[in-house]
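The chains referred to below are lettered A, B, ... by the order of the sequence lines, with proteins before strands, and numbering in each begins at 1.
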Amino acid sequence: MSNNKSEFVQTLVERGFLHQCTDLEALDKRAAESVITSYVGYDATADSLHIGNLVSIMMLHWLQQTGHRPIVLMGGGTTKIGDPSGKDETRQLLTDDRINANISSIRETFTSFLSFGDGETDAMMVNNADWLDELAYIPLLREIGRHFTINRMLTFDSVKLRLEREQPLTFLEFNYMILQAYDFMELAKRHDCVLQMGGSDQWGNIINGIELGRRAAERELFGLTTPLITTASGAKMGKTAAGAVWLRPERYSPYDYWQFWRNTEDADVGRFLKLFTILPMDEIARLEALEGSEINDAKKILATAATALLHGEDAGRESAETAEKTFVSGVTADGLPTTDVPRAELEGGIAVFALLTRVGLTGSNGEARRLIKGGGARVNDVAVSQETAEINADAINDDGVIKLSAGKKRHALIRPA
RNA sequence: GGAGGGGUGCCUGAGCGGUUAAAAGGGGCGGACUGUAAAUCCGCUGGCUAUGCCUACGUUGGUUCAAAUCCAACCCCCUCCA
């Protein structure tokens, strides 16, 4: 590792971000000599990014921390076409308003990891709709299309796999790589961006951008990808009960986010600490060495550090405290998700299954009833035995709330109002 | 344009007139064991205040006491030929 001259490359390598790079040596040299500008592209189909995007976000963070300038590219233009790689033919196309709302929501997430501004190493967020919207077909073909040979495009994995498996590949999709390459070239011209980073699945697209930059703009560009992060047992990261683990608090509460990291598999702790926290490497080495049940301490540190990074120091600490109360002391913690229920309604008596659904622990009354039948539902930590059991104001505990639980890990509070 | 094959629950994928809310696996949830881990084992996995009712097997009609299953038209997908 010591043979890397730049702090940037050094950091990426030792923390495990590096999967492939077009020319690591040259990039390293460049980063050691001067400030470089680099970007990662993100989709704007949802109002929040998810855990799967976190690796690249962290990479941008380190880029800035090591003295360079990050660009967050929002795919406002490409989103308008709709990503054809999904299987949903009937996917709804998003309106401009929706896309812009998504982008501003996503921007909030980035402010936790990057500092934006006008300085030399300040981050900027750009939208590819700014240039893609104005593209004219014939000029595009003449200026860009001539640099792409079908022969070469056919050799890319994304295309090749489809063809080999005899699955359809639409012209739209075929053009995606061209648009993405165009983005890179455009950013190179506008902002002197020399490096595109992304997940390993983006390798082909990144290469195309580099090629185009060289041919059409005569610039030397670099590409770098991160490994696909899976858990030690091979599962894709970030898929849980409710679906994706989102980064925006409206979608996924800080407490749940903390829990997500707390439940990391033993074998992943060290790797995740390096990737998803900014703890110093020697500290991580110490935590990684913990064995047996002691590794739980490392998981707590991981959870608190990762939550603090995204949602702020306070949220990290509060989540840790809530977890401590809930799991260790067995005390009702007020940091749990809380739902207000009118006092009068409570006094009249409400079925437990209805409440479970109301606070969001279950998705339907039927699911709640099954949970009760399976013995997984508890009120104030006492198992509910009757499927149709009702509770009333008597269930309000000393803390003035009613605690509902689905299984051992998922809890919610009811507050009379 | 011609000839075949197919569209099933979150996903993959059986069923091909009643015993089918629909096999099996995956995923998910819950339980046991643990360390809020992994592995393993067990249960659950459409909705509804519910011994019942209502929706569901591409869409719409039809045959039948009875249809995911048979027929017709339509939509979509795939393969081969042109």
Side-chain angles (χ1 to χ4, degrees), chain A residues 84 86-91 162-170 230-245 255-273 287-288 290-304 306-307 319-331 333 335-336 345 348-379 381-392 404-412:
Chain A
K87 289 175 129 191
D88 275 348
E89 318 81 10
T90 50
R91 175 171 301 167
R162 287 289 190 82
L163 296 180
E164 273 168 11
R165 294 166 64 188
E166 302 191 325
Q167 286 174 339
L169 177 74
T170 64
T230 53
T231 67
S233 18
K236 213 173 179 180
M237 233 187 107
K239 298 199 84 183
T240 64
V245 175
Y255 172 74
D256 286 332
Y257 190 73
W258 193 94
Q259 284 297 325
F260 171 79
W261 293 108
R262 173 64 245 267
N263 287 311
T264 297
E265 289 177 36
D266 288 10
D268 290 325
V269 172
R271 199 157 52 101
F272 286 2
L273 279 166
L287 293 170
E288 202 175 8
L290 295 174
E291 282 181 13
S293 59
E294 281 194 335
I295 202 157
N296 281 324
D297 293 334
K299 291 184 190 180
K300 287 177 196 168
I301 291 169
L302 166 65
T304 304
T307 306
S319 300
E321 281 167 12
T322 300
E324 174 74 17
K325 284 184 193 166
T326 308
F327 287 95
V328 183
S329 324
V331 181
L336 296 170
E345 204 180 331
I350 309 182
V352 175
F353 64 77
L355 279 176
L356 283 167
T357 303
R358 190 139 152 197
V359 301
L361 288 176
T362 50
S364 70
N365 289 353
E367 191 185 330
R369 292 167 92 117
R370 274 179 245 124
L371 179 72
I372 295 171
K373 248 192 273 186
R378 271 164 296 137
V379 174
D381 298 313
V382 178
V384 180
S385 51
Q386 277 284 323
E387 188 181 325
T388 53
E390 286 194 5
I391 56 171
N392 54 35
L404 293 177
S405 312
K408 288 185 186 134
K409 298 187 190 174
R410 296 157 55 227
H411 310 278

Determine: side-chain N/O of A/S364 to OP1/OP2 of B/rG47, distance under 4.0 Å, yes or no. yes
A/T362 side-chain N/O to B/rC29 phosphate OP1/OP2 under 4.0 Å: no
Are A/V384 and A/L356 close enough that some pair of their side-chain heavy atoms sits under 4.5 Å apart? no
Nearest-nucleotide check on RNA chain B, A/L371 vs A/N365; residue mapping nearer the 5' end is A/L371
Less than 4.0 angstrom between a side-chain N/O of A/K409 and OP1 or OP2 of B/rA37, yes or no? yes
Taking the side chain as every heavy atom from C-beta outward, state whether A/E387 and A/V352 have any atom pair closer than 4.5 Å. no
At under 4.0 Å, does any side-chain N or O of A/N263 touch on OP1 or OP2 of B/rU36? no
Which part of the nucleic acid, if any, lies within reach of A/T326 when heavy atoms closer than 4.0 Å are counted: base, sugar-phosphate only, or nothing? nothing
Are any of A/R410's side-chain N or O atoms less than 4.0 Å away from OP1 or OP2 of B/rG30? yes
Check if the side chain of A/Q259 and the base of B/rU36 share a donor-acceptor pair of N or O atoms closer than 3.5 Å. yes
Mind checking who B/rC74 pairs with, Watson-Crick or G-U wobble, both distances under 3.5 Å? B/rG58
Heavy-atom side-chain proximity of A/F353 to A/K373 below 4.5 angstrom: no
Among B/rG31, B/rG30, B/rC48, which nucleotide has an atom closest to any side-chain atom of A/R378? B/rG31
On RNA chain B, compare the nucleotides closest to A/G363 and A/A323; which residue's is nearer the 5' end? A/A323
Glycosidic conformation of B/rU51, syn or anti, with 90° from 0 as the boundary? syn
Using a 4.0 Å heavy-atom cut-off, does A/E294 contact any base of the nucleic acid, only the sugar-phosphate backbone, or nothing at all? nothing
Test for a donor-acceptor pair under 3.5 Å between the base of B/rA50 and the side chain of A/R369, counting only N and O atoms. yes
Heavy-atom donor-acceptor pair, A/T357 side chain to A/S364 backbone, under 3.5 Å: yes
Which heavy-atom pair separates A/I350 from A/E345 by the least distance, and what is that distance? CG1-O, 3.6 Å
Any side-chain N or O of A/K373 under 4.0 Å from OP1/OP2 of B/rU45? no
Using a cut-off of less than 4.0 Å, is there contact between a side-chain N or O of A/R370 and OP1 or OP2 of B/rG47? yes
So if I take every side-chain heavy atom of A/E390 and compare against B/rU36, B/rG30, B/rU49, which nucleotide ends up nearest? B/rU49
Under a 3.5 Å cut-off for both distances, is B/rG18 Watson-Crick or wobble paired, and to whom? B/rC65
Would you say the base of B/rG35 and the side-chain of A/D266 have a donor-acceptor pair closer than 3.5 Å? yes
